[in-house]
Participant: 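Here it is, the structure in full.
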Amino acid sequence: MQQLDMEKCDSRTRAYKNGKTFDQCRDIAKSLSSELEEKIAKEGQVAWDEILQTAQHDELVYKLTLKYLRQDGYDIGDWKNPRVKPIV
């Protein structure tokens, strides 16, 4: 019985939106953050709304994408300035 409980709580096997696992969502977010870094380099910034659209309104992918952009040295803004831009 305890084995079943462990599997139930295992984030690697839990399905998120559209049946994707957490690892799949993480891989998608890493890919999106790389694409968005190129766009930020060209345009100077990207709005949160655009990131949400790029993530196809998948909240987990959206949040992970913001996390990876922050880890890569970008200012991800806040609720007053909902945009991502390079830290100057």
Participant: Atom CZ of R83 and atom CD1 of I40: how far apart are they, to the nearest 0.5 Å?
Facilitator: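 If I round to the nearest 0.5 Å, the distance is 10.5 Å.
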Participant: In Å, rounded to the nearest 0.5 Å, how long is the span from CD of E35 to OG1 of T54?
Facilitator: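 So the gap between those two atoms works out to 7.5 Å.
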Participant: Roughly how far, to the nearest 0.5 Å, is CG of L69 from CD1 of I76?
Facilitator: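 Atom-to-atom, I76:CD1 and L69:CG are 8.0 Å apart.
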Participant: Rounded to the nearest 0.5 Å, what separates atom CG in L32 from atom OG1 in T65?
Facilitator: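 One finds 4.5 Å between CG of L32 and OG1 of T65.
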Participant: Looking at every non-hydrogen atom in both residues, tell me the closest pair between P86 and G44 and how far apart they are.
Facilitator: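 Heavy atoms only, the tightest pair is CD-O, 3.3 Å.
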Participant: V84 and L36: side-chain contact (heavy atoms from CB on, under 4.5 Å), yes or no, with the steps?
Facilitator: CA-CA 9 Å; V84 177; L36 290 167; over 6 Å; no
Participant: Measure the shortest side-chain to side-chain distance between R26 and T21 over non-hydrogen atoms and say whether it is less than 4.5 angstrom.
Facilitator: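 No, too far: nothing below the 4.5 Å cut-off.
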Participant: Evaluate side-chain contact (heavy atoms from CB on, under 4.5 Å) for N81 paired with D78, printing each intermediate quantity in order.
Facilitator: CA-CA 5 Å; N81 293 314; D78 56 25; 3.9 Å; yes
Participant: Between E59 and K63, is the closest basic N to carboxylate O distance under 4.0 Å?
Facilitator: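 Salt bridge present between K63 and E59.
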Participant: Show your reasoning for whether side-chain contact (heavy atoms from CB on, under 4.5 Å) applies to I28 and K20.
Facilitator: CA-CA 10 Å; I28 293 167; K20 294 180 287 210; 3.6 Å; yes
Participant: For the pair W48 (side chain) and Y62 (backbone), establish whether a donor and an acceptor sit closer than 3.5 Å, ignoring hydrogens and angles.
Facilitator: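 A pair under 3.5 Å: no.
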Participant: Would D27 and K30 pass as an ion pair if we require N to O under 4.0 Å?
Facilitator: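 Answer for the salt bridge query: no.
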Participant: Do Y74 and L66 share a hydrophobic cluster (ILVMFWY, side-chain heavy atoms under 4.5 Å, transitive)?
Facilitator: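 Yes, Y74 and L66 fall within the same hydrophobic cluster.
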Participant: What is the minimum heavy-atom distance between L64 and A29, and which atoms define it?
Facilitator: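 Minimum heavy-atom contact is CB-CB, 3.5 Å.
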Participant: Taking atom NE2 of H57 and atom CG of D49, what is their separation to the nearest 0.5 Å?
Facilitator: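 The distance works out to 8.5 Å.
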Participant: So, for S33 and Y68, which heavy atoms are closest and what is the spacing to 0.1 Å?
Facilitator: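 The answer is OG-CB, 3.8 Å.
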